[in-house]
A.B. asks: 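Below is the structure I would like to discuss, written out as structure tokens.
If you're wondering where the values come from, they're calculated on a predicted model, not measured in any experiment. Numbers restart at 1 for each chain; the letters A, B, ... are given by sequence-line order, proteins then strands.
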Amino acid sequence: MGERLRAVLPSVLPVVVAMLVGWVGLVLLRGAEVASQAYLYMLQGGLGDWGRYLEGGSAALVLRPLGESAIKASLLVLTGLSVAVAFQVGLFNIGAQGQMLLGAVAAAVVGAQVALPGVLHVTLAVAVAALVGALWASVATALKLYRGVHEVISTIMLNWVAISLVDNWLVVGPLRARGTHSVSGTDEILASAQLTRLLGDDSRLNTGFLLALVAALGVWVWLGRMRAGFEVRAVGLGPEAARTAGIAVGRRTAEAMALSGALAGVAGAVLVLGTEWRYPGTLGAPYGFDGIGIALIGQGHPLGVTLSALFFGVLRAGGTRMQLLTIHRSFPELLQGLALLLVAGRLVWVELLRRRKQPAPVASSPAQPQAEVPRA
Amino acid sequence: MLEVLEALLYSTLDAAPALVFAALGGTLAERAGVVSVGLEGMMRAGAFCAAVAALAVPTPVGVLAGMAAGAGMAALHGWLCIRWRSDQVVSGMALNLVALAGGTFLLESFYGPSGTPPVQQLGRWYLPLLEQVPLLRALSGHSALTWLALVLPFALHLLLSSTPLGLRLRAVGDKPHAVATLGLSVPGLRWAAVLAGGALAGLGGAALSTAVLDRFEQHTPAGLGFMALAAMVFGRWTPLGAFLAAAFFSFGNALRIGLASSAPRLLEVVPQGVLLALPYLLTLLVLALQGQRSSAPAALGTPYEPESR
């Protein structure tokens, strides 16, 4: 158990501390009572109002919030996996946002312009989105492998190229919905391209959530149980050693980055085919950037990514309900940013905890976990 | 024709300082070896604090508050990256996310979605002598920040290329261990560069909310921090290069806005989105043609460990 705890602590502690900091912030802004109620609302908004449901309320009281959480979580799982897969091969894919955007557009176009029977149509739309995301990510791989361009720089640039081209050209120009008065946004997709709703009218939960979970499982198998994934991890740990061992470093890097882009592209497809049903004027939510936080908080492990995505999915969905207290729904995003900052500063608190563990004259505070923390 | 050029020049000079300052700030920090993908977040903090401060105190003091906010964000970045050797890209992106969500949250909590109340804009300098001269007329009627943005790149160029401090700053980004053998403090030099870079990024943000606009808006700086990053790379990590790239990008932007109002027909041939993507495409192209290793600081992104080689 100690071993397990040691493994999850670097993920759990930043999240807990971020939640505490956020709570203290709210107390300072609005007082303790509102702050506590806000956190309760955040949980109710994300997990459902079980109290009222058990008193005989309708099933929608719990199904709708849970569904919204799952929808947000599925996007975070996919973009988180995207960043995590790139991490495994030693690359920092900041470009998930751009890859997701292009995947979303591709899914919207296939969804609206191609006529196919149900399952085939959805599959094709998702596959094209994955392909487009993979191709966009591969531009960064090519620049890296052939020209030595750092992927952080190239993916940031590719993000803004994608954002500019899509939001300021494609969806206000050639791809703009025909016959409507709206200034931007693509045609609505056909019913055959929509992801199936799982809970009927009670919730918007759709098969995109299952798709995300399957993707997480797939990535886990690929990384942990298959030769290609093993070689990818070897390249990530040390490209020179991997090359000496006979691993085709360039090829594995390209594969991992393509998979990373494909996952981000699928996130775009899930957004469009699952809930939006068209590419809206702008894809406001920066889920691609969120993926960085999710991947790091989840320590780059598929299971960790899934869990942290589920957690923040719940908070995100719950943020909407906090608006009842006139607390803006960006609050959960702030918590997520703080948690990422604490993950970035991991060495700081590892050191602090280690100092505390030593027989110091200061009495250790009961709030500090007693478990040993892994070294950096 | 001359009037058109004048108008373009005028709006370039008006809008460019924000981008120039941020690009210079990024250049300074990265030349010392510390990655600055957090420029966007530092600009946002600077823009927010400058606007909020300017509601209560004279605007120039507000601008200083914006610089302090940028430096404050940079101090956090420096503390994580220099003191604790954290991953610089992670730290920078974390700053961006915190500034993005935090800015929105504070704005919504205190002022509402449309932005802060308007503040007194920075005073504009009118130069009656220049206003007689065609073309040079465009130089008149800007805030002091525009003039600073025209002078600062050269000052920084001199600092980096011709002073002992500049040599040390560049050396600390290329070969920190060599600097350490001279008995100089690697962390000290990096701290100086990161803090100054953050203050410049904050100044860029402040320029947005007190000179270009008169308030902090929900989306400020709307990706300008990343464009500053592009300008820095496009300018090959030199102050003058970053300045020229930032000026070029700003001119392109002014041209785009000018075309949108005066010649919408033309924009049907070359859509706005393509023009907007151009700075980033050009930066990618330059990187693809020249490779990155030739110009980026050698120790960029590598935490300094005294006991490694």
A.B. asks: Any idea which of B:S109, B:A288, B:S91 has the most non-hydrogen atom pairs under 4.5 angstrom with chain A?
C.D. replies: B:A288
A.B. asks: Is B:L80 in contact with chain A via its backbone, its side chain, both, or neither, using a 4.5 Å heavy-atom distance?
C.D. replies: side chain
A.B. asks: Looking at CG of B:L300 and NE2 of A:H150, how far apart are the two atoms once the value is rounded to the nearest 0.5 Å?
C.D. replies: 7.5 Å
A.B. asks: Against chain A, label B:L278 side chain, backbone, both or neither, depending on which of its atoms sit under 4.5 Å from a heavy atom there.
C.D. replies: neither
A.B. asks: Could you check which of A:L165, A:L170, A:T326 has the highest count of heavy-atom pairs closer than 4.5 Å to chain B?
C.D. replies: A:L165
A.B. asks: Hey, which of A:H328, A:Q336, A:E333 has the most heavy atom pairs under 4.5 Å with chain B?
C.D. replies: A:H328
A.B. asks: My understanding is that only residues two or more places apart in sequence, or in another chain, count here; which of them pass salt bridge (charged side-chain N to carboxylate O under 4.0 Å, His left out) with B:R44?
C.D. replies: none
A.B. asks: For A:L341 and B:L76, run side chain to side chain contact (heavy atoms under 4.5 Å, CB included): C-alpha distance rounded to whole Å, both residues' side-chain angles, the deciding distance at 0.1 Å, then the answer.
C.D. replies: CA-CA 10 Å; A:L341 202 57; B:L76 191 56; 3.6 Å; yes
A.B. asks: So which heavy atom on B:V98 is nearest to which on A:L334, and how close?
C.D. replies: O-CD1, 3.8 Å
A.B. asks: Once rounded to the nearest 0.5 Å, what's the spacing between atom CD1 of A:I292 and atom CE of B:M93?
C.D. replies: 3.5 Å
A.B. asks: Please output the residues of residues 17-31 of chain A in contact with chain B, using a heavy-atom cutoff of under 4.5 Å, in numerical order.
C.D. replies: A:L26, A:L29
A.B. asks: B:S209: which residues meet the side-chain hydrogen bond (donor to acceptor under 3.5 Å, both in side chains) condition with it, sequence neighbours left out?
C.D. replies: none
A.B. asks: I need the B:L229 CG to A:I156 CD1 distance, nearest 0.5 Å.
C.D. replies: 5.0 Å
A.B. asks: Picking from B:V35, B:V90, B:L97, which has the most non-hydrogen pairs under 4.5 angstrom with chain A?
C.D. replies: B:V90
A.B. asks: Just by modelled atom types, is the A:A344 backbone N or O under 3.5 Å from a matching donor or acceptor in the B:S86 side chain?
C.D. replies: yes
A.B. asks: Do you know which two heavy atoms are closest between B:G223 and A:W160, and how far apart they sit?
C.D. replies: CA-CH2, 3.4 Å
A.B. asks: Can you label the angle between the B:F105 ring and the A:F331 ring as parallel, tilted or perpendicular, going by 30° and 60°?
C.D. replies: tilted
A.B. asks: What are the residues of residues 293-300 of chain A, in order of number, with any heavy atom under 4.5 angstrom from a heavy atom of chain B?
C.D. replies: A:L296
A.B. asks: Can you check whether B:L287's main-chain N or O pairs, donor with acceptor, with A:R147's side chain at less than 3.5 Å?
C.D. replies: no
A.B. asks: Please classify the contact of B:V89 with chain A as side chain, backbone, both or neither, using a heavy-atom distance under 4.5 Å.
C.D. replies: both
A.B. asks: From A:R329 CZ over to B:T104 OG1, what is the distance, rounded to the nearest 0.5 angstrom?
C.D. replies: 9.5 Å
A.B. asks: Chain B heavy atoms under 4.5 Å from A:V161: which part of the residue, side chain, backbone, both or neither?
C.D. replies: both
A.B. asks: So for atom CH2, which belongs to A:W169, do other residues, nucleotides or ligands contribute more than 12 heavy atoms lying within a distance under 6.0 Å?
C.D. replies: no
A.B. asks: Look up atom CD in B:Q218 and atom OG in A:S330, then write down how far apart they are to the nearest 0.5 Å.
C.D. replies: 8.0 Å
A.B. asks: If you round to the nearest 0.5 Å, how far is CZ of B:R256 from CG of A:N168?
C.D. replies: 7.5 Å
A.B. asks: Quick one: what part of A:L342 sits under 4.5 Å from any heavy atom of chain B, side chain, backbone, both or neither?
C.D. replies: neither
A.B. asks: Would you find more than 12 non-hydrogen atoms of other residues, nucleotides or ligands less than 6.0 Å from B:F248 atom CZ?
C.D. replies: no
